[in-house]
Amino acid sequence: MTGTTDPTDPAPTAERRRTARVRWAAGAAVALALLFAGAAAVAAAREDGSAPRAAGAPAPDSADAGFARDMAVHHQQAVEMSFIVRDRTEDEDVRRLAYDIANTQANQRGMLLGWLDLWGLPKVAGGDRPPMAWMGGGEGDGGHEHGGHQADRGSDGVLMAGMASRAELERLARLDGRQAEVFYLQLMTDHHKGGVAMAEACASRCTVPVEQRLARGMVEGQQSELGLMRDMLTERKARPRS
């Protein structure tokens, strides 16, 4: 008898699935804790807008503050999509990617909201200032690229470049298997493209060094994942939407 594994033995596959479920459960606990913490922070900011601004903190309408607010919202949707696809496919590569995205972006979202707390700034922009206005160049003045076409800001839940609409999230939740994998990869490709544009803008416009470093790291990480998702779509005889 040798030490090789019988490829027909279901035990290794079952063990991998158990391991994946444990890993997802641990990641879900972390991600959900950060999401709930962020939601509580937003609620507190809405109830009490009188928190003093910290000395030396960026201005409420600065690129630093705008990026922190907008990317926190952008990241929250990426985490949501990743949790949806987790339950719609058994493909280990897609589940691993979704796990990595959910954990990375939930942690980054916690950092962004934490900085706003430290700066004594609200988690939501005041007045009629639209999302992405801090980027300049008209990104926040009524429309933006989304999935290869122009989408009106706020249309069906689309607030910023690359974000999925409510209808698209509902569709993802109805799909299974290969169809769910392809649609998730297409949605997340759009999402990452919008996120990269925002992070590049912060890297050049933000003034807080640690936030600039985070933004540059986002660009590098998400560009790498864009290449991976393109390859995964090709394997599934599909392509990005834009």
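Note: hydrogens, waters and symmetry copies are ignored here, and every other heavy atom, side chains too, is used.
When every heavy atom of I84 is checked against every heavy atom of R88, the shortest pair comes out as O-CG, 3.0 Å. When every heavy atom of L233 is checked against every heavy atom of P240, the shortest pair comes out as CD1-N, 3.6 Å. Shortest non-hydrogen contact noted between F67 and A199 is CE1-CA, 3.7 Å. What you find for E211 and C202 is that their closest heavy atoms are CG-SG, 4.0 Å. Considering all non-hydrogen atoms of both residues, V182 and A238 come closest at CG1-CB, 3.7 Å. Between A164 and Q77, the shortest heavy-atom contact is N-OE1, 2.7 Å.
Atoms CE and CZ, from M81 and F183 in turn, are 9.5 Å apart once rounded to the nearest 0.5 Å. In this structure, the separation between CE on M198 and CE on M132 is 6.0 Å, given to the nearest 0.5 Å. Atom-to-atom distance recorded for Q108:CD and T104:OG1 is 6.0 Å, nearest 0.5 angstrom. The CG atom of L113 sits 12.0 Å away from the CG atom of L121 when rounded to the nearest 0.5 Å. Atoms CD and CD1, from Q105 and I101 in turn, are 6.5 Å apart once rounded to the nearest 0.5 Å. The CZ atom of R95 lies 11.5 Å from the CG atom of D93; values are rounded to the nearest 0.5 Å.
A donor-acceptor contact shorter than 3.5 Å links the side chain of D64 to the backbone of T207. Without hydrogens or angle criteria, E181 side chain to V94 main chain gives no donor-acceptor distance under 3.5 Å. Between the side chain of S204 and the backbone N or O of A201, at least one donor-acceptor pair lies under 3.5 Å. For D156 (side chain) and S165 (main-chain N/O), no donor-acceptor pair under 3.5 Å exists by modelled atom type. Checked by atom type and distance alone, the side chain of Q186 pairs as donor or acceptor with a backbone atom of R239 at under 3.5 Å. The backbone N or O of E220 sits nowhere less than 3.5 Å from a side-chain atom of S224 that would complete a donor-acceptor pair. Here the side chain of R69 pairs a donor or acceptor atom with the backbone of P122 at under 3.5 angstrom. A donor-acceptor pair under 3.5 Å links the side-chain atoms of R205 to the main chain of M135, judged by distance alone. Remark: side-chain polar atoms of R109 are not paired, donor with acceptor, to backbone N or O of V73 under 3.5 angstrom. The closest donor-acceptor contact from the side chain of S82 to the backbone of A78 lies under 3.5 Å.
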Going through the checks in order, is the salt bridge (Lys or Arg N to Asp or Glu O under 4.0 Å) test met by D117 and K123? CA-CA 8 Å; D117 272 336; K123 308 300 186 305; 2.4 Å; yes

Passes side-chain contact (heavy atoms from CB on, under 4.5 Å), W115 versus L214? Steps please. CA-CA 12 Å; W115 286 335; L214 177 65; 3.6 Å; yes

Applying side chain to side chain donor-acceptor pair (under 3.5 Å), run through W134 and D70 and close with a yes or a no. CA-CA 10 Å; W134 59 272; D70 288 352; 2.9 Å; yes

So R236 and D91, salt bridge (Lys or Arg N to Asp or Glu O under 4.0 Å) or not? Walk me through it. CA-CA 12 Å; R236 291 160 177 78; D91 185 90; 3.1 Å; yes

Checking E80 against L169 for the side-chain contact (heavy atoms from CB on, under 4.5 Å) test, could you report, in this order, the C-alpha distance in whole Å, the side-chain angles of both residues, the deciding distance, and whether it holds? CA-CA 9 Å; E80 179 182 358; L169 294 176; 3.8 Å; yes

Worked check of side-chain contact (heavy atoms from CB on, under 4.5 Å) between Y184 and M229: CA-CA 10 Å; Y184 170 76; M229 291 190 289; 5.5 Å; no

Q76 vs M71, side-chain contact (heavy atoms from CB on, under 4.5 Å): CA-CA, chis, key distance, verdict: CA-CA 8 Å; Q76 182 173 0; M71 191 57 85; over 6 Å; no

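Atom CD of Q179 has 12 or fewer neighbouring heavy atoms from other residues, nucleotides or ligands inside a 6.0 Å radius.
The side-chain heavy atoms of H75 and M218, taken from C-beta on, include a pair separated by under 4.5 Å. Inter-residue side-chain proximity for T89 and D176 is flagged as unmet; no heavy-atom pair is nearer than 4.5 Å. With a 4.5 Å cut-off on side-chain heavy atoms, R213 and V210 count as touching.
For R241 and E168, the salt-bridge test passes: some basic side-chain N is under 4.0 Å from an acidic carboxylate O. Under the 4.0 Å criterion applied to side-chain N and carboxylate O atoms, D190 and K193 are not assigned as salt-bridge partners.
Taking the six-membered ring for Trp and thresholds of 30 and 60 degrees, H74 and H191 have ring planes inclined between 30 and 60 degrees apart.
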